Structure formats: structure tokens, C-alpha cells
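Worksheet: the structure to be examined is printed underneath.
Computed over heavy atoms, backbone and side chain alike; hydrogens, waters and symmetry mates excluded. Note that this is a predicted model, so its numbers are computed, not measured. Sequence lines set the chain letters: A, B, ... in the order given, protein chains first and strands last, and positions in each chain run from 1.
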Amino acid sequence: MEKEILLYNTLSRTKEKFKTVTPGMVGLYVCGPTVYGDAHLGHARPGITYDVLVRLLLHLGYKVRYVRNITDVGHMENDADFGEDKIEKKARLEEVEPMEIVQHFTIRYHQAMKMLNTLPPNIEPRASGHIIEQISLAKNILEKGFAYESNGSVYFDVEAYNKKYLYGRLSGRTLEDMISNSRVLEGQEDKKSPFDFALWKKATPEHIMRWPSPWSEGFPGWHLECSAMSSKYLGETFDIHGGGMDLLFPHHECELAQNNAARGSGGVNYWMHNNMITINGQKMGKSLGNFITLEELFTGSHKILTQPFSPMTIRFFILQAHYRSTLDFSNEALIAAEKGYKRMMQAGRDLAKLKTKEGEASKEIRDLVKGVYIALCDDMNTPITIAHLFDAVKIVNIAKDKGSSITKGDMEQLNFLFNDIAKEVLGLADEAVVGDNSAVLEGVIELLLEIRKEAKSQKNFAKSDAIRDKLEGLGVNVKDTKDGTEWAL
RNA sequence: GGUACCCUGGCCGAGUGGUUAGGCAGCGGUCUGCAAAACCGCCUACAGCAGUUCGAAUCUGCUGGGUACCUCCA
């Protein structure tokens with residue numbers, strides 16, 4: 001914890017020294033998924049970005065409470081079907097309960113996140129489980145005079161709020177700009193100003209997800225859930241709130257406004273936003289035909305893909321870019337990432353086989369470790385971290401190539417880089433490692449390679465190549481080196 | 001139209017007022033029965049134009065291109 005971390009704070013638009021509210025403890029809230037569809041590429045980026053943040057904080061000795069919500073209330077289909085709830089629409093079409101849909105996609109989301117080797121949040125609250133807290137928060141804002149009831153719904157009074165606090169601070173807008181650039185939409189007669197947003201919405205007769213409230217049978221506004229749940233589990237002022245840049249406005253802006261309105265403070269010390277992923281330079285969207293789910297990536301079943309890509313390839317690919325940059329996704333870029341990832345993992349495996357001798361760690365390798373910490377603590381610069389790790393890869397490969405031994409000090413430092421940094425902090429698991437229960441598989445492969453060796457020594461290359469090709473076809477990569485044959489899954 | 005951000009070598013992507021990111025691909029070499037891997041060497045860019053500066057890819061302005069968000073609902 002003696003290491004100082006810099007984090008870019010969207011609120012100040014600068015990198016700031018990270019100081020926790022409570023020494024040694026970090027409260028982190030991240031906006032989670034709306035569970036009305038399969039996890040897609042867009043979910044992978046925040047999932048991995050904040051996972052690395054959590055892993056880094058844990059590595060540096062912090063105790064972390066990581067809260068990520070599940071949004072399962074009142075979301076609408078945004079592509080068409082104006083006014084219809086996203087979850088309800090699917091439920092009616094498929095004739096199942098809304099909560100069945102929610103459960104189905106929550107489980108699938110968890111599976112996808114696990115495959116990407118992300119740590120589960122410490123608390124995963126559901127919006128539908130916190131209706132009471134949300135009603136209470138809406139009441140509080142009403143009492144403070146920053147909201148009003150209208151026809152069974154409760155709206156946040158942006159103009160009243162703007163007089164005391166500035167609305168738009170987080171997203172870099174001003175209310176005046178917004179007013180001068182707005183279009184007039186239909187169906188908003190209940191509101192005093194078109195910028196007011198709903199805290200509570202009266203349900204229409206066909207709306208089946210509904211709860212009683214002092215104002216009407218209805219459902220909470222979207223922004224309310226994150227304000228209510230983050231303060232419930234992390235306190236009225238907590239350290240970090242993260243999410244995608246697409247949530248900056250209006251969602252986070254409204255959260256900030258709700259916090260200020262209810263308690264007189266913003267409640268969040270550091271607002272972090274990850275940037276978006278584009279596909280072949282284009283935004284991902286269902287209408288553009290480039291919408292891609294994580295499952296399609298893992299299985300390769302999408303027209304823009306020529307092959308499946310493993311979860312760790314995706315993770316590596318995402319970490320090769322800084323989280324605040326847009327990242328362009330393409331089949332070609334993924335192939336490059338896959339090769340780089342495999343090369344790094346191979347070096348990690350080779351490291352364990354290097355011979356050691358007595359001696360201290362060299363300055364070169366010590367500097368790499370230092371450089372890795374500087375990069376990680378500088379607003380989570382994972383691409384530079386990876387660049388340093390490739391320097392370590394090269395050191396391992398040279399030692400292996402020359403058959404030379406390295407000092408025990410160097411071994412310790414290199415182990416640190418490959419295990420503590422690459423595997424633990426970056427979360428890059430080695431997919432080629434055979435699991436504990438695969439001793440049989442290992443034995444069989446060794447046996448086949450033994451037979452192949454015999455064939456080779458008898459210059460029966462047809463037979464030896466056949467064994468190699470068959471194994472290759474089954475996903476076992478065979479390499480002949482000076483020191484014998486190696487293999488990896 | 002508004003707001004924010006971006007435009008780097010064949011591709012992906014860091015970074016920076018004056019010195020080499022890194023990965024992938026490519027080329028030449030070493031090694032090898034062949035292949036793969038690895039190693040050595042090569043490929044040295046910063047949208048365009050103008051300005052500030054001893055010096056800019058890095059600062060400023062303009063032009064062009066791109067991305068996200070833009071009052072309901074989520």
C-alpha cells in the first residue's frame with residue numbers, strides 16, 4: 001500500500017492520487033448488466049477493466065468491497081417498441097415470467113464472466129430486491145425539494161437542482177446548452193421540464209413488473225437503483241464508481257444529482273469510465289449486423305470470425321489497449337492477440353524449467369519489475385505492463401535458447417512477473433496448462449511422443465509426422481527442440 | 001446541430017516538447033529430416049495545412065476523417 005496509485009477521475013478530467021475514504025479499504029461500485037440478453041463484447045471490457053482494478057488493489061494490500069448490480073427492473077427495448085419494457089417484452093413473446101428471463105441471462109452472464117477469469121463481485125445486488133430503498137431515496141429527494149409528484153409519477157426537478165448544484169458537471173455539459181439544443185418530444189406532459197427524469201414511474205395497465213409506493217403502483221426510475229444500492233452497501237461517500245463511457249450521460253450524471261439532492265454530497269470520490277469497443281471501425285449494433293456475443297466469440301460462430309477465440313485471448317486483447325481508449329476489434333487483431341498471448345504463456349512455462357545458480361537479481365530485471373509497478377499504478381496502464389512482460393519473455397527465451405542458467409534472484413523476479421503480475425493482477429490464466437485430473441492425458445501424450453521419437457530415430461518420418469499431425473488436430477501442439485520434444489495444449 | 005474524445009509504421013496499439021514502446025505480419029540469417037517455436041539482424045510512423053519554439057508526432061489554430069453521448073424509457 002506504500003505504492004501510490006494515480007486514477008483518472010472523470011469528474012476532474014485529470015489523473016488524481018488515489019486516497020481511500022477509510023485507510024486500507026476500497027469501496028467500488030460498477031454498473032452491471034441489464035439481463036435481458038446474452039453477454040456481448042461490450043460487456044467484456046468493463047468486466048475485465050474493473051476486474052484488473054480489483055486485482056491490482058488486492059495485490060497492493062487493500063481490502064476491497066466490489067459491488068456490481070444486476071439491473072432487472074423496468075428496462076425498455078431501445079431499438080423499437082417505444083414505451084415497452086425490455087424484460088416484459090421478451091416475457092410476453094416467450095410466455096414465461098419476467099424473472100425467468102432475468103434468471104436465465106444472469107446465469108449466462110456469470111458463466112461468461114467466469115470464463116473471462118474475472119473475480120465475482122463481493123455483493124451483487126438486484127434492482128428488484130431494493131425497491132424499498134429506492135422508494136425511500138425518492139421520498140428523501142422529494143422532502144429536500146428537488147423532486148415533485150405528477151400524476152402518480154415522481155420526477156427529479158433538474159432546474160431546482162441546477163440552482164444549488166450544477167447539473168452536467170460530470171459529463172461536461174451545462175443545462176443552458178442542453179436546453180438550447182433539445183428537440184421537443186411527445187408524451188412528456190407530466191414533467192415540468194423536458195430534462196427532468198423519473199424517480200418513480202406509474203405503471204400503465206399492461207406493465208406487469210410493478211410495486212406499490214406512496215405515489216402509485218409502478219416501478220423505480222433507472223438511475224435511482226445505483227444511487228440507492230451503492231450507498232446502502234458502500235456508505236454515503238465511497239471511493240470509486242465505474243462503468244462504461246456510454247453511461248456517463250445521463251445515467252451517472254443523474255446518479256450524482258440524486259446523491260447531491262438527497263445528502264448534499266456527490267457520494268463518489270473517483271468516477272471511472274472505460275471506453276467502448278468498435279468493430280472494424282464501426283460501432284457495434286444489432287442493426288449494423290456486427291453485434292457479437294461472447295459465446296459467438298468463444299465458438300467462432302459469427303460471420304466476421306474465421307476461427308474461435310479463447311476467453312484469455314479476448315482478455316489479453318482488451319488489456320493490450322488502455323481502458324480509456326476506444327479499441328477496434330477485428331478478426332485480424334484477435335489473431336495477433338492470440339499469438340502474443342500464447343507466446344507469453346509459453347515463456348511462463350519455460351521459466352520453470354530454467355536452471356538456476358546462486359546470485360542476486362540483475363538491474364535489468366529489477367527495472368522491469370519497477371516499470372511494471374509504475375505502469376499499473378499510472379491509471380492502470382496495462383499495455384505498458386504487457387510490453388514490459390514481453391521484455392521478460394525475451395529474457396526467458398534467450399536463457400532457454402542458450403541453455404544458460406539464471407541467478408536465483410532473477411528467477412524470483414521473473415516468477416513474480418509471470419505469476420504475480422501476469423496471472424494474478426492481469427488475470428491471464430494459462431489455458432494450455434493441463435488440469436490436475438488430466439494425469440492420464442499427460443501420460444498418453446508422453447507415450448505417443450515416445451513412439452514418435454523411436455520412429456524418428458529410425459528415420460520413419462512418415463510415421464512421426466502422422467503422430468504429430470494427429471495430435472495437432474486434437475489440439476496438442478508438438479515442437480522439436482535441441483533438448484527434445486515439447487508439447488502444449 | 002451540441003458536448004466530449006480520438007486520428008501513430010502493412011495491422012492492432014502505448015507514449016512523449018529534443019533519446020527505442022510492445023505485439024502481430026513481412027524480409028534476411030541461425031537452428032532443423034521437415035514443420036513449428038526460439039534466437040540474431042532489417043523495416044523507424046505519428047491525418048493535412050499553418051503557427052509557437054533553438055527544436056513538435058508531442059503545444060496552438062484551421063481543415064478533413066472517426067467514435068460516443070445528446071431531454072422519454074433503460
Side-chain angles (χ1 to χ4, degrees), chain A residues 10 13 34 36 71 73-78 81-87 127 155 158 168 171-175 177-188 190-191 193-198 201 219 221-223 225 244-251 253-254 273 275-278 281-283 316-317 320-322 324-330 332-344 346-347 350 371 375 378 381-391 393-394 396-402 456 459-462 464-465 468-469 472 477-482 486 488:
Chain A
T10 307
R13 282 164 211 283
T34 301
Y36 71 95
T71 294
V73 166
H75 278 239
M76 183 186 71
E77 205 82 38
N78 54 11
D81 302 299
F82 190 79
E84 194 170 15
D85 188 291
K86 280 175 183 170
I87 291 165
Y155 293 98
V158 171
S171 57
R173 296 154 204 249
T174 66
L175 191 56
D177 285 347
M178 285 185 255
I179 290 168
S180 62
N181 292 307
S182 62
R183 293 161 286 138
V184 177
L185 288 187
E186 303 291 315
Q188 302 192 49
D190 290 351
K191 297 199 293 181
S193 156
F195 299 99
D196 295 347
F197 53 90
K201 198 80 179 152
F219 54 94
W222 171 42
H223 314 306
E225 64 175 86
M245 237 171 223
D246 52 336
L247 298 173
L248 184 51
F249 190 90
H251 183 53
E253 193 69 71
C254 295
H273 291 93
N275 215 319
M276 313 313 285
I277 289 181
T278 58
Q282 266 191 316
K283 162 189 181 180
F316 184 85
F317 172 71
Q320 267 194 307
H322 186 83
R324 283 192 291 114
S325 301
T326 54
L327 172 58
D328 193 46
F329 179 94
S330 64
E332 196 185 1
L334 271 189
I335 288 173
E338 182 181 57
K339 290 191 177 162
Y341 162 74
K342 284 186 174 167
R343 186 161 166 240
M344 181 177 285
Q346 179 66 51
D350 289 340
D378 181 14
N381 198 322
T382 54
I384 292 212
T385 304
I386 287 175
H388 288 320
L389 288 174
F390 273 110
D391 288 338
V393 167
K394 195 157 191 174
V396 172
N397 283 336
I398 287 172
K400 185 194 174 197
D401 196 61
K402 295 195 171 145
K456 268 177 67 176
K459 305 261 183 234
N460 186 349
F461 296 123
S464 72
D465 287 356
R468 182 175 64 195
D469 293 347
E472 198 74 49
N477 179 240
V478 178
K479 289 182 285 194
D480 292 328
T481 69
K482 277 179 287 194
E486 293 181 357

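- Counting only heavy atoms from C-beta on, A:H322 has its side chain closest to B:rA14 among B:rA14, B:rG23, B:rC40.
- In this structure, A:H388 places its NE2 atom 11 Å from P of B:rG22, rounding to the nearest Å.
- RNA chain B is contacted by both A:D246 and A:I335; A:I335 maps to the nucleotide lying nearer its 5′ end (nearest heavy atom per residue).
- If you check every strand for non-hydrogen atoms under 4.0 Å, A:S464 touches a base.
- For the residue pair A:T71/A:E225, the side-chain donor-acceptor check at 3.5 Å is satisfied.
- Remark: the separation of the P atoms in B:rC39 and B:rA25 is 12 Å, to the nearest Å.
- OP1 or OP2 of B:rG22 has not a single side-chain nitrogen or oxygen of A:R343 nearer than 4.0 Å.
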Show your reasoning for whether salt bridge (charged side-chain N to carboxylate O under 4.0 Å, His left out) applies to A:D391 and A:K394.
CA-CA 5 Å; A:D391 288 338; A:K394 195 157 191 174; over 6 Å; no
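- The side chain of A:F390 lies closest to B:rG22, out of B:rG22, B:rC69, B:rA14.
- Listed nucleotides B:rA14, B:rG33, B:rC70 differ in distance to A:D465; the shortest reach to its side chain belongs to B:rG33.
- Using a 4.0 Å heavy-atom criterion, one finds that A:G221 contacts the sugar-phosphate atoms exclusively.
- If you take atom P in B:rA57 and the same atom in B:rC27, they sit 32 Å apart, rounded to whole Å.
- Residue A:L247 is out of contact with every strand shown, counting any heavy-atom pair closer than 4.0 Å.
- Here A:N275 lies out of heavy-atom contact (under 4.0 Å) with every strand.
- Across all strands shown, A:F249 has heavy atoms under 4.0 Å from sugar-phosphate atoms exclusively, and none from any base.
- Within 4.0 Å of A:Y341, counting heavy atoms only, lies no atom of the nucleic acid at all.
- Between A:F317 atom CZ and B:rG22 atom C1' there is a gap of 15 Å when expressed in whole angstrom units.
- Set against B:rC12, B:rC70, B:rA4, the side chain of A:R13 has B:rA4 as its closest nucleotide.
- Proximity note for A:Q320 (side chain, C-beta onward) versus B:rU67, B:rC69, B:rG23: the nearest is B:rG23.
- Applying the 4.0 Å criterion to OP1 and OP2 of B:rA4, one finds that A:S171 has every side-chain N and O outside that range.
- Backbone-only engagement by A:I398 is indicated by non-hydrogen atom pairs under 4.0 Å involving sugar-phosphate atoms exclusively.
- Remark: the separation of the P atoms in B:rC12 and B:rC46 is 16 Å, to the nearest Å.
- Within the 4.0 Å cut-off from OP1 or OP2 of B:rC39, not a single side-chain nitrogen or oxygen of A:K400 is found.
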Begin with the C-alpha distance, continue with both residues' side-chain angles, and end with the deciding distance and a verdict on side chain to side chain contact (heavy atoms under 4.5 Å, CB included) for A:L327 and A:F317.
CA-CA 9 Å; A:L327 172 58; A:F317 172 71; 3.6 Å; yes
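- In this structure, CZ of A:F195 is placed 9 Å from C1' of B:rC70, rounded to the nearest angstrom.
- Between the C1' atoms of B:rG55 and B:rG18, the separation comes to 6 Å (whole Å).
- For B:rC40, one of the phosphate oxygens OP1 or OP2 lies less than 4.0 angstrom from a side-chain nitrogen or oxygen of A:K394.
- Residue side chain A:R468 reaches the base of B:rC34 through a donor-acceptor N/O pair under 3.5 Å, judged by distance alone.
- For B:rU30 and B:rA37, the C1' atoms lie 14 Å apart once the distance is rounded to whole Å.
- For A:E253 and B:rC72, the CD to P distance is 13 Å, given to the nearest whole Å.
- Rounding to whole angstrom units, CG of residue A:D391 and P of B:rU20 are separated by 14 Å.
- Considering only side-chain N and O atoms, A:K339 lies nowhere under 4.0 angstrom from the phosphate OP1 or OP2 of B:rG23.
- Taking every side-chain heavy atom of A:N397 into account, B:rC39 is the closest of B:rC70, B:rC39, B:rA21.
- In this structure, B:rG51 forms a base pair with B:rC59, meeting either the Watson-Crick or the G-U wobble geometry with both donor-acceptor distances under 3.5 Å.
- Using a 4.0 Å heavy-atom cutoff across all strands shown, A:K459 reaches no nucleic acid atom at all.
- Between the C1' atom of B:rG15 and the CD1 atom of A:I386 lies a distance of 15 Å, rounded to the nearest Å.
- Separation of the C1' atoms belonging to B:rC43 and B:rU58 is 24 Å when rounded to the nearest angstrom.
- Checking B:rU67, B:rG33, B:rA14 against every side-chain atom of A:T326, the shortest atom distance belongs to B:rU67.
- In this structure, B:rA25 makes no Watson-Crick or G-U wobble pair, since no nucleotide meets both defining distances under 3.5 angstrom.
- Using Watson-Crick or G-U wobble geometry with both donor-acceptor distances under 3.5 Å, B:rA14 finds no partner in any strand shown.
- Computed from coordinates, the A:W222 CH2 to B:rC69 C1' distance equals 11 Å when rounded to whole Å.
- A donor N or O paired with an acceptor N or O is not found under 3.5 Å between the base of B:rG66 and the side-chain atoms of A:D328.
- Of the candidate nucleotides B:rG23, B:rC69, B:rA14, B:rA14 has the atom nearest to the side chain of A:I384.
- When rounded to the nearest whole Å, the span between CZ of A:F197 and C1' of B:rC70 equals 15 Å.
- Regarding contacts with the backbone of B:rC39, every side-chain N or O of A:K402 stays at 4.0 angstrom or more from both OP1 and OP2.
- For the residue pair A:T278/A:D328, the side-chain donor-acceptor check at 3.5 Å is satisfied.
- With the nearest nucleotide of RNA chain B identified for both A:G340 and A:A198, A:G340 has the one nearer the 5' end.
- Rounded to whole Å, the separation between the C1' atoms of B:rG48 and B:rG64 comes to 7 Å.
- Across the C1' atoms, B:rG22 and B:rC31 are found 26 Å apart, a figure rounded to whole Å.
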